[in-house]
Protein chains: 2
Amino acid sequence: MGIIAGQGDPTASMTLLWGRAEARSGRRAPGPKPGLTVDAIVEAAIAVADEAASAAGLSMRTVAERLGCSSMALYTYVPGKAELLDVMYDRVHAELPTGRSPGEDWRSEVTAWASDLKAFYLRHPWVLQVSYARPVLGPHEQAVLEALLRALSGAGLRAGTLRAVVSSLLHFVQGAARTAAETRRAAAVTGVSDQDWWGTRVTLLNELAPDFADRFPLSTRLASSQSPLAGDEDPADAWERETDDVFAAGLAVLLDGIEAAAGSDGC
Amino acid sequence: MGIIAGQGDPTASMTLLWGRAEARSGRRAPGPKPGLTVDAIVEAAIAVADEAASAAGLSMRTVAERLGCSSMALYTYVPGKAELLDVMYDRVHAELPTGRSPGEDWRSEVTAWASDLKAFYLRHPWVLQVSYARPVLGPHEQAVLEALLRALSGAGLRAGTLRAVVSSLLHFVQGAARTAAETRRAAAVTGVSDQDWWGTRVTLLNELAPDFADRFPLSTRLASSQSPLAGDEDPADAWERETDDVFAAGLAVLLDGIEAAAGSDGC
DNA sequence: TCGATCTCCTTACGCCCTACGGTATCGTCA
DNA sequence: TGACGATACCGTAGGGCGTAAGGAGATCGA
């Protein structure tokens with residue numbers, strides 16, 4: 001459901017994201033000792049979202065339950081759910097590598113960046129549901145972008161082209177990851193495996209639209225060209241391999257395009 | 001929040017999608033005359049979702065209000081919200097052109113397809129929130145896919161490459177449209193214009209992270225290379241033009257890549 | 001005319017987020 | 001030492017949401 005990030009108080013979110021000033025002023029305020037910390041809440045919330053495999057499964061109640069407090073206790077530390085999501089979003093990006101692997105050509109650097117990012121999205125699919133329109137502007141996400149720019153710096157692109165390439169790459173990885181994650185989640189949530197689901201649909205389609213192959217000849221041909229299962233292969237594994245192949249092939253196409261663009265950018 | 005489509009009863013959804021059998025059996029059943037139709041409900045639901053610019057704004061209650069009935073009355077015609085979304089999703093795809101424009105080369109055909117699709121997503125941003133993992137498999141969406149395949153048939157790609165190219169193109173268009181739609185929606189929902197929002201964030205960033213430019217030199221340079229506003233241009237228009245340029249440039253990169261792949265596919 | 005059957009509504013349950021006001025706790029200063 | 005007042009935390013409640021259950025009324029075939 002495309003959650004809008006950055007919707008809460010900007011000052012609150014940004015302060016939480018970039019080193020908290022109040023954490024440094026040594027003086028403790030009067031009153032009872034805090035039983036929680038923002039860090040603990042964020043960690044718990046990430047764990048909840050990971051398990052639910054969806055931002056929709058994240059509720060203040062579930063987070064509070066995991067921490068052994070009431071949902072209202074969280075509001076002492078975090079202004080609201082929107083700001084919590086902002087911080088979760090950035091924090092989890094700290095997992096991604098940011099260092100350069102020296103001496104590699106830019107193609108393999110970008111490929112490594114893309115597959116790291118895709119794996120990351122599959123570990124934390126809820127990240128894909130945070131809107132990218134008004135970025136959270138946190139340090140860890142920024143580092144990921146910087147890593148891509150570093151990898152691409154070897155390709156020699158003009159600024160305009162570079163912007164387009166960056167967004168293409170992001171959209172490509174996010175799209176592929178989104179599809180893969182949603183497929184997994186659909187199987188988990190509904191309890192129906194992909195093959196069963198497709199089987200049911202295809203049977204129904206044959207009954208309800210017997211003229212399918214005539215109306216959509218190219219789609220039909222593309223679907224039937226799917227490589228058949230090797231005899232003893234687990235269908236789920238085969239599907240995984242198939243999508244990996246599509247990812248690699250799509251990325252290769254994109255990289256070819258970047259190379260061509262770099263050439264015409266006159267470098 | 002990535003809504004899972006195809007979650008309801010497959011038979012129900014598919015029957016609603018592919019010509020309703022019961023509509024043809026002439027015999028009216030006893031009981032009061034139906035005051036609504038599935039079509040009217042779907043139309044109202046699409047209007048609601050368009051206005052809310054988000055699938056989250058779509059509720060059975062809102063749809064019912066627009067039709068002047070109670071929310072429970074809808075359940076006579078539609079099994080549930082999931083199936084309603086399935087039907088909305090496919091129905092709205094009927095807007096898109098499906099005919100081929102004869103005599104054009106495949107590059108301009110694909111470009112036209114992509115920009116039509118992007119405009120469509122911007123008119124109906126909620127479509128982007130319906131999961132693509134278990135496709136609805138309705139006739140109108142299928143026609144859109146078939147149109148792309150027809151446009152690409154001139155490029156001479158092997159089946160494997162074709163699959164990768166199709167998914168790259170879809171992901172690219174969806175990603176670009178998603179960002180654009182969410183930017184618009186964020187401005188509408190929060191009442192804060194994009195420039196104001198960015199201004200606030202940048203100011204905060206300067207205060208909280210004065211070392212930003214040192215930590216992220218490439219990001220800083222890319223951001224500062226943005227073309228400045230022409231004196232009397234509306235900032236919103238300038239932003240629109242900027243994203244259009246990025247879209248066109250990204251698509252061009254992708255098409256270059258397709259061309260290269262077609263070459264190495266040996267056609 | 002008389003069921004049978006269908007449409008549509010009211011009610012209710014169980015989720016969600018969070019505003020508000022009350023209470024328990026503890027550092028600080030007189 | 002003792003009281004003050006800031007702070008942490010919770011209970012309640014209000015307004016969302018989807019939809020199960022069951023009842024009221026309309027309309028058909030027999």
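Worth saying up front: this structure is predicted, and the values here are computed from it rather than measured.
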Could you tell me whether [X] contacts a base, only the sugar-phosphate backbone, or nothing, with contacts defined as non-hydrogen atoms closer than 4.0 Å?
X: Ser59(B); value: sugar-phosphate
X: Ser70(B); value: base
X: Leu84(A); value: nothing

Consider the side chain of Pro32(A), meaning its heavy atoms from C-beta on, and name the nucleotide among dT18(C), dC26(C), dA26(D) that approaches it most closely.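 The listed nucleotide nearest to Pro32(A)'s side chain is dC26(C).
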
Of the nucleotides dG27(C), dC17(C), dT7(C), which one has an atom closest to the side chain of Lys81(A)?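 Out of dG27(C), dC17(C), dT7(C), the nucleotide with an atom closest to Lys81(A)'s side chain is dC17(C).
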
Gap between atoms [atom1] and [atom2], on [X] and [N] respectively (whole Å):
X: Leu85(A); N: dT18(C); atom1: CG; atom2: P; answer: 11 Å
X: Leu67(B); N: dC9(C); atom1: CG; atom2: P; answer: 11 Å
X: Leu36(B); N: dT7(C); atom1: CG; atom2: C1'; answer: 10 Å
X: Leu58(A); N: dC15(C); atom1: CG; atom2: P; answer: 17 Å
X: Met72(A); N: dT23(C); atom1: CE; atom2: P; answer: 17 Å
X: Tyr75(A); N: dC10(D); atom1: OH; atom2: C1'; answer: 14 Å
X: Tyr77(B); N: dC9(C); atom1: OH; atom2: C1'; answer: 13 Å
X: Glu65(B); N: dG15(D); atom1: CD; atom2: C1'; answer: 14 Å

Side chain of Arg61(B), base of dG16(D): donor and acceptor closer than 3.5 Å? no

Parallel, tilted or perpendicular: which describes the rings of His124(B) and Trp126(B), with under 30° parallel and over 60° perpendicular?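 Perpendicular.
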
